[in-house]
S.K.: 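A single structure is presented below for examination.
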Amino acid sequence: MSVKIYNTITRTKELLKPIEPGHVKLYVCGITSYDYCHIGHARSALAFDMIVRYLRYRGYKVTYIRNFTDIDDKIIKRAAEQNTTTEELANRFIDEFYVDMDKLGVERPDMEPKATEHIQEMIDLISELIAKNMAYPAGGDVYYSVNSFPGYGKLSGRNLEDMQAGARISVNENKANPMDFVLWKASKTGEPSWESPWGPGRPGWHIECSAMSRKYLGDTFDIHGGGQDLIFPHHENELAQSEGANDKPFVNMWIHHGFVTIRDEKMSKSLGNFLTIRDILEHYHPEVLRFFIFSTQYRNPLDFSEAAMQDAMTGLDRLYQCVAAVERLVENCSDSAAPVASGNDRKKLDSMEERFQKAMDNDFNTALAQGILFETVKILNKILRQLPEIPARVDHDLLISTTATMKKLASIMGLLQEDANEYLAAKKAAMLADINISEEEIQNLIQERNQAREAKDWASSDAIRDRLLEQGIELKDGPEGTGWTVKRS
RNA sequence: GGCGGCGUAGCCAAGCGGCUAAGGCACUGGUCUGCAAAACCAUGAUUCAGCGGUUCAAAUCCGCUCGCCGCCUCCA
């Protein structure tokens with residue numbers, strides 16, 4: 001096993017070596033639940049879904065934890081606006097999150113702890129930090145003293161002087177150092193609060209991940225993940241809290257994925273340029289979104305556009321069409337017929353899984369992995385085209401087994417999960433629903449056209465075809481009659 | 001201002017010092033077809049933002065310049 005992963009803290013690709021051999025412990029920062037999720041959240045969930053699936057495929061046991069932040073300023077604010085409790089609001093959007101994740105086929109992590117259910121663990125952790133003089137209460141709040149932790153800045157590659165020089169942090173008279181961050185926040189009247197040694201309040205954002213990861217994965221674990229925007233301050237602060245309290249390394253590897261952008265700008269709530277997952281799924285099959293997201297390696301920015309989604313859909317269709325064509329093969333084959341697959345083709349197909357692994361072992365290079373799938377499809381199509389009426393058994397078996405392997409590998413990205421014929425039929429039906437013509441009308445016109453064709457009345461025949469094309473229906477004359485597909489405008 | 005990333009064919013995107021610079025989409029020519037479509041075959045970067053350096057060898061390493069993006073405030 002030789003999975004290499006880019007580690008943010010060392011800025012190099014490193015071999016994955018789980019602390020407990022064969023068992024990877026992974027903690028990922030989940031959502032703050034106060035609104036519907038956008039494509040950026042989808043990328044995060046899908047990236048780690050893929051990583052977990054791949055590691056399991058590679059034989060690792062994986063313990064995957066992803067938290068919910070269900071108490072914070074934004075939730076309080078939004079709940080007040082909607083005249084509801086933070087609990088109701090947070091739970092409502094957790095439910096909505098699951099609706100989206102289920103549609104996307106994202107597997108559930110092994111555990112999904114909520115911040116509000118771990119207040120005691122956070123209070124304990126804060127108390128330890130205070131006892132070690134690494135944190136101090138002030139005015140009902142508790143702050144972490146960044147000066148007490150010499151390694152502060154090592155994850156994000158900053159140092160305290162630089163940070164203070166460009167600080168855009170509002171002055172807070174309770175803080176000893178402007179870079180100190182809050183561990184416990186005194187609650188204002190009407191805000192949700194929990195009892196603590198420092199008075200009623202609620203936890204700061206960073207402490208929850210330190211407390212929950214320690215509870216479920218221990219002081220030191222293998223991988224901590226999240227979006228690149230979490231590197232600073234969130235992960236830097238977690239690291240300071242955990243290593244400060246535990247006096248042990250916090251995590252061995254940090255994985256940070258890139259953003260989804262729109263017109264090359266980060267998609268975010270604050271910029272207002274975001275599209276929700278459900279917006280997208282209204283128009284596209286979930287696997288199209290997955291295909292799109294995995295068409296770029298997870299660390300690189302990914303620019304969303306309709307054109308890119310169209311490309312993704314075309315590409316996914318190509319994969320499904322190939323699978324459907326292989327599945328249409330009948331059992332009837334011959335032991336004596338000469339095989340059409342060349343030695344080179346066979347070699348290429350036989351090495352598919354190995355090449356796929358090599359791509360994925362190299363920091364989960366899904367873009368390359370997709371390329372390998374397409375190379376495979378090309379060869380499969382070539383063989384299919386050359387196949388005689390009664391194919392040689394070796395060819396038949398090669399096609400069937402390669403397709404099975406291809407589906408298995410694609411499943412790591414959550415692709416090709418549907419029955420190919422059903423996928424294509426469903427797509428056709430969905431697209432048909434978008435245009436103003438019924439299947440019956442199409443069939444009638446095809447019949448009319450075929451009569452014209454038989455009479456070699458090409459003018460009428462073409463007129464019908466053009467008319468259908470204008471309405472978005474593309475005809476295909478094949479040996480088994482005339483088929484049709486819906487063409488997207 | 002500090003820190004980090006990116007710039008590869010019309011578009012998207014691999015490539016991490018050395019075989020012909022993957023793959024997808026689009027385009028063009030061919031096979032097939034009455035003509036098309038689909039599929040297959042073929043074609044496209046003497047070149048990897050620019051300049052300079054290291055090396056027997058660089059898209060890949062180093063330096064500088066230009067352009068874009070992100071973090072430094074909540075953010076996946």
S.K.: Looking at the base of B:A76, is there any donor atom on it, or on the side chain of A:R43, that sits under 3.5 Å from an acceptor on the other one?
M.R.: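 For A:R43, whose side chain was compared with the base of B:A76, there is no donor-acceptor pair (under 3.5 Å).
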S.K.: I'd like to know if A:D477 reaches the base of B:C35 with its side chain such that a donor and an acceptor end up less than 3.5 angstrom apart.
M.R.: yes
S.K.: Assess the side chains of A:E112 and A:N67: does a donor N or O sit below 3.5 Å from an acceptor N or O?
M.R.: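 Side chains of A:E112 and A:N67: no pair found under 3.5 Å.
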S.K.: Spell out protein contact along nucleotides 58-63 of chain B as letters: B when the base is contacted, S when just the sugar-phosphate is, - when no protein heavy atom is under 4.0 Å; keep the 5' to 3' order.
M.R.: ------
S.K.: Could you state the CZ-P distance from A:R11 to B:G4, rounded to the nearest angstrom?
M.R.: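 Rounding to the nearest Å, CZ of A:R11 and P of B:G4 are 6 Å apart.
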S.K.: With rounding to the closest Å, how many angstrom separate the P atoms on B:G44 and B:C56?
M.R.: 33 Å
S.K.: Inspect the contact between A:E107 and A:R53 and indicate whether a charged nitrogen and a carboxylate oxygen are less than 4.0 angstrom apart.
M.R.: yes
S.K.: Using heavy atoms to find the nearest nucleotide of RNA chain B for A:G478 and A:H206 separately, return the residue whose nucleotide is more 5′.
M.R.: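 Looking at the nearest nucleotide for each, A:G478 comes out on the 5' side.
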S.K.: For atom C1', what is the distance between B:C51 and B:C66, given to the nearest Å?
M.R.: 10 Å
S.K.: Let's see if you get this right: which residues in residues 224-237 of chain A place a heavy atom under 4.0 Å from RNA chain B?
M.R.: A:G226, A:G227, A:D229, A:L230, A:F232
S.K.: Should the heavy atoms of other residues, nucleotides or ligands under 6.0 Å from NZ of A:K408 be counted, would the total exceed 12?
M.R.: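 Correct, the count exceeds 12.
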S.K.: Measure from CZ on A:R263 to C1' on B:G70 and round the result to the nearest Å.
M.R.: 19 Å
S.K.: Given atom NZ of A:K358 and atom P of B:G23, what is their separation to the nearest angstrom?
M.R.: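 These atoms are roughly 15 Å apart.
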S.K.: Which side-chain hydrogen bond (donor to acceptor under 3.5 Å, both in side chains) pairs, counting each pair once, include a residue from residues 35-48 of chain A, with sequence neighbours left out?
M.R.: A:D35-A:R78
S.K.: Provide the full list of salt bridge (Lys or Arg N to Asp or Glu O under 4.0 Å) pairs with a residue in residues 455-466 of chain A, sequence neighbours left out, each pair given once.
M.R.: A:D462-A:R465
S.K.: Toss me the dot-bracket line for RNA chain B: Watson-Crick and G-U wobble, both under 3.5 Å, 5' to 3', using | for pairs to another strand and [ ] for crossers.
M.R.: ((((((((.[[[..)..(....]]]..((((.......))))......[[[[[..)....]]]]])))))))....
S.K.: Go through the structure and list residues passing side chain to side chain contact (heavy atoms under 4.5 Å, CB included) with A:S187, not counting sequence neighbours.
M.R.: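 Here the qualifying residues are A:E191, A:S193, A:P200.
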S.K.: Output a table of nitrogen or oxygen pairs between the protein and nucleotides 40-42 of chain B separated by less than 3.5 Å.
M.R.:
| unit_1 | atom_1 | unit_2 | atom_2 | d |
| --- | --- | --- | --- | --- |
| B:C40 | OP1 | A:R318 | NH2 | 3.3 |
| B:C40 | OP1 | A:N381 | ND2 | 3.1 |
| B:C40 | OP2 | A:R318 | NH1 | 3.4 |

S.K.: Rounded to whole angstrom units, what separation is found between the CG atom of A:L319 and the C1' atom of B:G23?
M.R.: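 The answer, rounded to whole Å, is 11 Å.
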S.K.: For A:F292, check ring pair (Phe, Tyr, Trp, His ring centres under 6.0 Å) against everything at least two apart and list the hits.
M.R.: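 Ring pair (Phe, Tyr, Trp, His ring centres under 6.0 Å) check on A:F292 returns A:F304.
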S.K.: For A:M212 versus A:Y27, what's the shortest heavy-atom pair and its separation?
M.R.: CE-OH, 3.9 Å
S.K.: Measuring centre to centre across the rings, with the benzene-like ring taken for any Trp, is A:H235 within less than 6.0 Å of A:H256?
M.R.: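 Between A:H235 and A:H256, the centre distance is under 6.0 Å.
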S.K.: A:F250: which residues meet the ring pair (Phe, Tyr, Trp, His ring centres under 6.0 Å) condition with it, sequence neighbours left out?
M.R.: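 If we apply the ring pair (Phe, Tyr, Trp, His ring centres under 6.0 Å) test to A:F250, skipping adjacent residues, the hits are A:F221, A:H224, A:W254.
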S.K.: Roughly how many Å is it from CD1 in A:I293 to C1' in B:G24, rounded to a whole number?
M.R.: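 Answer to the nearest Å: 17 Å.
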S.K.: At a heavy-atom distance below 4.0 Å, what parts of residues 443-457 of chain A sit against RNA chain B?
M.R.: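 A:R449, A:R453, in order of number.
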S.K.: Just by protein heavy atoms under 4.0 Å, how would nucleotides 13-22 of chain B read 5' to 3' in B, S and -?
M.R.: SSSB-----B
S.K.: Counting the atoms with a prime plus P, OP1 and OP2 as sugar-phosphate, which does A:H38 contact under 4.0 Å by heavy atoms, base, sugar-phosphate, or nothing?
M.R.: base
S.K.: Could you tell me how far B:C16 sits from B:G7 if I compare only their P atoms? Round to whole Å.
M.R.: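 Between the two P atoms, the distance is 13 Å.
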S.K.: About how many Å separate CZ of A:R346 and CD1 of A:I383, when rounded to the nearest 0.5 Å?
M.R.: 7.5 Å
S.K.: Are the charged groups of A:D317 and A:K428 less than 4.0 angstrom apart, N to O?
M.R.: no
S.K.: Is any NZ, NE, NH1 or NH2 atom of the basic residue among A:D73 and A:K185 found under 4.0 Å from an Asp or Glu carboxylate oxygen of the other?
M.R.: yes
S.K.: In whole angstrom, give me the gap between the P atoms of B:A39 and B:U47.
M.R.: 33 Å
S.K.: Can you see which heavy atom on A:L409 is nearest to which on A:E353, and at what distance?
M.R.: CD1-CA, 3.8 Å
S.K.: Show your reasoning for whether salt bridge (charged side-chain N to carboxylate O under 4.0 Å, His left out) applies to A:D303 and A:R263.
M.R.: CA-CA 7 Å; A:D303 199 50; A:R263 277 187 273 276; over 6 Å; no
S.K.: Which is true for A:K476 with a 4.0 Å heavy-atom rule: it touches a base, it touches only sugar-phosphate, or it touches nothing?
M.R.: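 Base, at least one base atom sits under 4.0 Å.
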S.K.: Other residues, nucleotides and ligands only: do more than 12 of their heavy atoms fall within 6.0 Å of NZ on A:K4?
M.R.: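 Not buried by this count: 12 neighbours or fewer within 6.0 Å.
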S.K.: Between protein and nucleic acid, restricted to nucleotides 43-45 of chain B and to nitrogen or oxygen atoms under 3.5 Å apart, what atom pairs and distances do you find?
M.R.:
none

S.K.: Stacking check: are the rings of A:F259 and B:A76 less than 5.5 Å apart at their centres and under 30 degrees in tilt?
M.R.: no
S.K.: Step through the shown structure and confirm whether more than 12 heavy atoms of other residues, nucleotides or ligands are within 6.0 Å of CD on A:E81.
M.R.: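 Enclosed: over 12 neighbouring heavy atoms sit under 6.0 Å from CD of A:E81.
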S.K.: I want to verify a distance call: between B:C25, B:A37, B:G34, whose nearest atom is closest to the A:R465 side chain?
M.R.: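 When the side chain of A:R465 is considered, B:G34 is the closest of B:C25, B:A37, B:G34.
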S.K.: Roughly, in whole Å, what's the span from CG in A:D311 to C1' in B:C27?
M.R.: 14 Å
S.K.: Run the salt-bridge test on A:E96 and A:R278 with the 4.0 Å N-O cut-off and return the result as yes or no.
M.R.: yes
S.K.: Taking all atoms of both residues into account, what is the closest heavy-atom pair of A:L289 and A:A42, and its distance?
M.R.: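 Scanning both residues completely, I find the closest heavy atoms to be CD2-CB, 4.4 Å.
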S.K.: For residues A:Y423 and A:H285, establish whether the separation of their ring centroids is below 6.0 Å.
M.R.: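 Yes.
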S.K.: Between A:T485 and A:H257, who's closer to the 5' end of RNA chain B by nearest nucleotide?
M.R.: A:T485
S.K.: Can you check the distance between B:G15 and B:C48, where both ends of the measurement are the C1' atom (answer in whole Å)?
M.R.: 10 Å
S.K.: Under 4.0 Å between a Lys/Arg side-chain N and an Asp/Glu carboxylate O for A:K266 and A:D229?
M.R.: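 Looking at A:D229 together with A:K266, the answer is yes, because their closest N to O distance falls below 4.0 Å.
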S.K.: For a quick test of reading the model, state the closest non-hydrogen atom pair linking A:K103 to A:L281 and the distance between them.
M.R.: CB-CD1, 3.7 Å
S.K.: C1' atom, B:A21 versus B:A9: distance in rounded Å?
M.R.: 11 Å
S.K.: Base, sugar-phosphate, or nothing for A:S156, non-hydrogen atoms under 4.0 angstrom?
M.R.: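 Sugar-phosphate contact only - A:S156 comes under 4.0 Å of backbone atoms but never of a base.
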S.K.: Tell me: CZ of A:F291 to P of B:C12, nearest whole Å?
M.R.: 16 Å
S.K.: With ring-ring contact (aromatic ring centres under 6.0 Å, His included) as the test, pick out the partner of A:F181 among A:Y143, A:Y144, A:F232.
M.R.: A:Y144
S.K.: With heavy atoms under 4.0 Å as the rule, sort A:V260 into base, sugar-phosphate or nothing.
M.R.: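 Here A:V260 touches the bases of the nucleic acid.
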S.K.: Taking atom C1' in both B:A22 and B:U8, compute the distance separating them and give it to the nearest angstrom.
M.R.: 12 Å
S.K.: Just how far, in rounded Å, is C1' of B:U73 from NZ of A:K266?
M.R.: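 Atom NZ in A:K266 sits about 11 Å away from atom C1' in B:U73.
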